[in-house]
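All figures in this text were calculated on a predicted structure; none of them were measured in a lab. Values below: all heavy atoms of this structure, side chains included; hydrogens, waters and symmetry mates excluded. The chains referred to below are lettered A, B, ... by the order of the sequence lines, with proteins before strands, and numbering in each begins at 1.
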Amino acid sequence: MHVPGIVFASEALLASAAEDRALDQVANVAHLPGIVEASFAMPDIHWGYGFPIGGVAATDVAAGGVVSPGGVGFDICCGVRLLRSALSEADFRAHRDGIMDQLDRRIPRGLGKGAIASRALLVDVLERGAHAALEAGFGTERDLDRCEEHGRSAGADASSISERALLRGGGQLGSLGAGNHFLEVQVVDRVVDPAAAKAFGLVEGAVTVMIHCGSRGLGHQTCTDHLRTMGAAMARHGISVPDRQLACVPVGSAEGRSYLAAMAAAANFAWANRHILAHEAREAFAAGSGIALSDLEMDLVYDVAHNLAKVEVHHVEGTPKELCVHRKGATRAFGPGHDALPEDLRRVGQPVLVPGSMGTASWVLRGVEGNPAFGSAAHGAGRVMSRKQAQRTESGRQVRADLESGGISVRPGSVKLLSEEAPYAYKDVDAVAEVCERAGLAARVARLRPLGVVKG
DNA sequence: ATGTGC
């Protein structure tokens with residue numbers, strides 16, 4: 001190990017991580033060439049491909065530091081977008097079935113399914129992200145201001161995306177996908193930090209919409225493609241790692257630059273994907289409630305990724321260095337004053353969106369000063385139960401009945417997949433948020449409680 | 001996560 005492994009967790013949260021070998025992965029990551037400070041893991045750590053999910057690792061670009069696709073994940077630029085609204089919980093309940101039916105009809109979802117936008121938009125989206133979607137008539141200019149990277153990752157090169165990836169992604173632009181991806185109608189349940197909540201546009205009792213999805217088959221194929229070429233190139237660069245799933249090459253190498261260009265293009269697909277879905281959600285709310293779009297005030301709070309590698313400047317032992325920061329199932333969490341934040345949020349810190357599992361709460365946190373993990377925080381609840389195990393515990397029908405009896409309206413794409421995403425299959429998101437705060441990763445702002453779930 | 005495999 002070049003550096004130590006550091007896991008931010010409580011004993012209760014750590015118990016499940018130890019079982020599934022995620023801690024071995026933290027140690028493996030510490031062997032990556034050029035890694036600085038530590039191999040970090042967030043409180044929602046669980047086992048993943050090569051890196052643990054919840055893993056954060058930064059490598060020194062000038063010192064031959066590497067980039068590793070396993071440190072980004074298969075779902076490149078998977079992330080979360082949160083919209084606020086002027087509706088109260090009572091307003092929503094008065095129009096609930098109409099809105100949920102509109103969402104059901106308008107939000108494409110499920111394995112291999114899509115899409116809202118035309119295939120013709122694909123190449124433009126890969127190069128320019130949400131900007132291309134905006135020009136095609138989706139969303140608003142302001143949406144771009146409230147999106148990490150302005151909804152457009154720099155250095156994207158559509159020509160580094162394979163034909164096969166284009167084929168898979170072409171029909172999926174504007175779609176949710178499956179698994180733990182969702183669109184959820186929520187209500188602000190509790191405000192912990194009133195000043196920050198106000199700056200984010202969040203009011204206790206108001207309805208919000210959270211969208212969790214990524215780059216679909218296009219990102220998955222892109223990861224697969226580059227893992228293969230990287231695996232072959234490693235020997236040429238004289239790199240050996242304790243796990244072949246940690247395939248990596250120097251950031252500055254031809255293979256490294258090619259991966260980062262393809263990763264940025266796939267990220268642009270994901271930014272645009274969430275941008276388009278948010279547009280569709282607004283339309284569904286207006287159509288389902290009969291309330292004018294302008295009165296709904298469904299403004300974007302923020303959109304932030306939790307599966308990306310980015311070259312950022314951070315201080316290492318007092319000197320600023322260009323680092324390739326891998327966040328794999330970890331949310332960027334920049335503190336107050338950071339120039340990457342929109343001006344009206346710069347005093348408060350970046351909104352950090354932490355979705356819980358289906359049917360449980362989600363959290364909005366804010367970035368704080370002195371974050372010990374290159375400006376990163378948790379990204380969700382994290383699994384405690386395998387998909388198989390969850391399926392055996394309760395049927396999808398039962399899970400649905402449980403949610404409905406708790407007053408949560410459900411529109412599943414597949415009832416069978418619903419069982420894999422049951423609340424008991426995940427860690428306690430309240431505990432994850434609390435540990436984030438106590439570890440100085442981010443501070444709690446507001447808790448969101450689900451009212452309606454749209455899933456793949 | 002994912003047209004659930006090399």
Side-chain angles (χ1 to χ4, degrees), chain A residues 20 22 25 42 44-55 68-81 108-115 119 122 161-173 175-183 211-232 244-245 247 262-263 266-267 269-271 273-274 277 305-309 326-331 355 357-358 379-392 412-414 416-422 425-426 454-456:
Chain A
D20 62 19
Q25 296 189 312
M42 301 294 113
D44 53 337
I45 177 177
H46 55 289
W47 185 87
Y49 181 94
F51 272 59
I53 295 163
S68 173
V72 172
F74 278 83
D75 192 1
I76 294 167
C77 196
C78 183
V80 182
R81 170 171 291 230
R109 57 201 191 277
L111 264 174
K113 304 249 180 73
R119 187 178 291 268
L122 183 61
I161 300 285
S162 70
E163 276 305 319
R164 185 184 267 210
L166 293 174
L167 215 58
R168 287 178 69 173
Q172 300 180 329
L173 189 51
S175 66
L176 210 51
N180 67 356
H181 289 165
F182 62 73
L183 182 152
I211 297 169
H212 176 207
C213 64
S215 52
R216 310 284 281 104
L218 183 134
H220 195 278
Q221 188 62 48
T222 299
C223 182
T224 303
D225 293 338
H226 285 261
L227 276 171
R228 196 171 47 214
T229 55
M230 242 179 229
R244 57 180 295 186
Q245 294 188 348
M263 185 208 70
F269 181 100
W271 302 124
N273 196 25
R274 292 194 288 275
L277 286 168
H306 50 233
N307 278 12
L308 271 184
H326 299 71
R327 296 188 183 90
K328 196 256 191 88
T331 307
S357 61
M358 176 180 64
H379 88 305
R383 264 190 182 279
V384 283
M385 208 182 262
S386 73
R387 292 181 178 279
K388 268 264 157 57
Q389 207 180 340
Q391 270 184 29
R392 280 195 296 263
S414 148
K416 184 169 168 269
L417 287 179
L418 215 54
S419 65
E420 301 181 4
E421 297 300 323
Y426 285 86
V454 178
K455 277 195 79 82

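Counting to the nearest Å, the C1' atom of dT2(B) and the CD1 atom of I76(A) are 12 Å from each other. Following rounding to the nearest Å, L417(A) (CG) and dT2(B) (P) show an atom-to-atom distance of 10 Å. Computed from coordinates, the R387(A) CZ to dT2(B) C1' distance equals 10 Å when rounded to whole Å. Distance, Y49(A) OH to dG5(B) P: 14 Å, rounded to whole Å. Counting to the nearest Å, the P atom of dG5(B) and the CD atom of Q245(A) are 15 Å from each other. Look at CG on L111(A): it is 8 Å from P on dT4(B), rounded to the nearest Å. Taking atom CZ of R216(A) as the reference point, atom P of dT4(B) lies 12 Å away to the nearest angstrom. Taking atom NE2 on H226(A) and atom C1' on dT2(B), their separation rounds to 17 Å, with Å as the unit.
Considering only residues two or more places apart in sequence or on other chains, R392(A) meets the side chain to side chain donor-acceptor pair (under 3.5 Å) condition with none of them. In this view, R387(A) and R383(A), E420(A), E421(A) satisfy the side chain to side chain contact (heavy atoms under 4.5 Å, CB included) rule, not counting sequence neighbours.
No contact: R228(A) has no heavy atom under 4.0 Å from any strand. E420(A) comes within 4.0 angstrom of nothing in the nucleic acid, heavy atoms only.
No close placement of the H212(A) and H379(A) rings is indicated, their centers lying 6.0 Å or farther apart.
The CD atom of Q221(A) sits 11.5 Å away from atom OG of S215(A), with the distance rounded to the nearest 0.5 Å.
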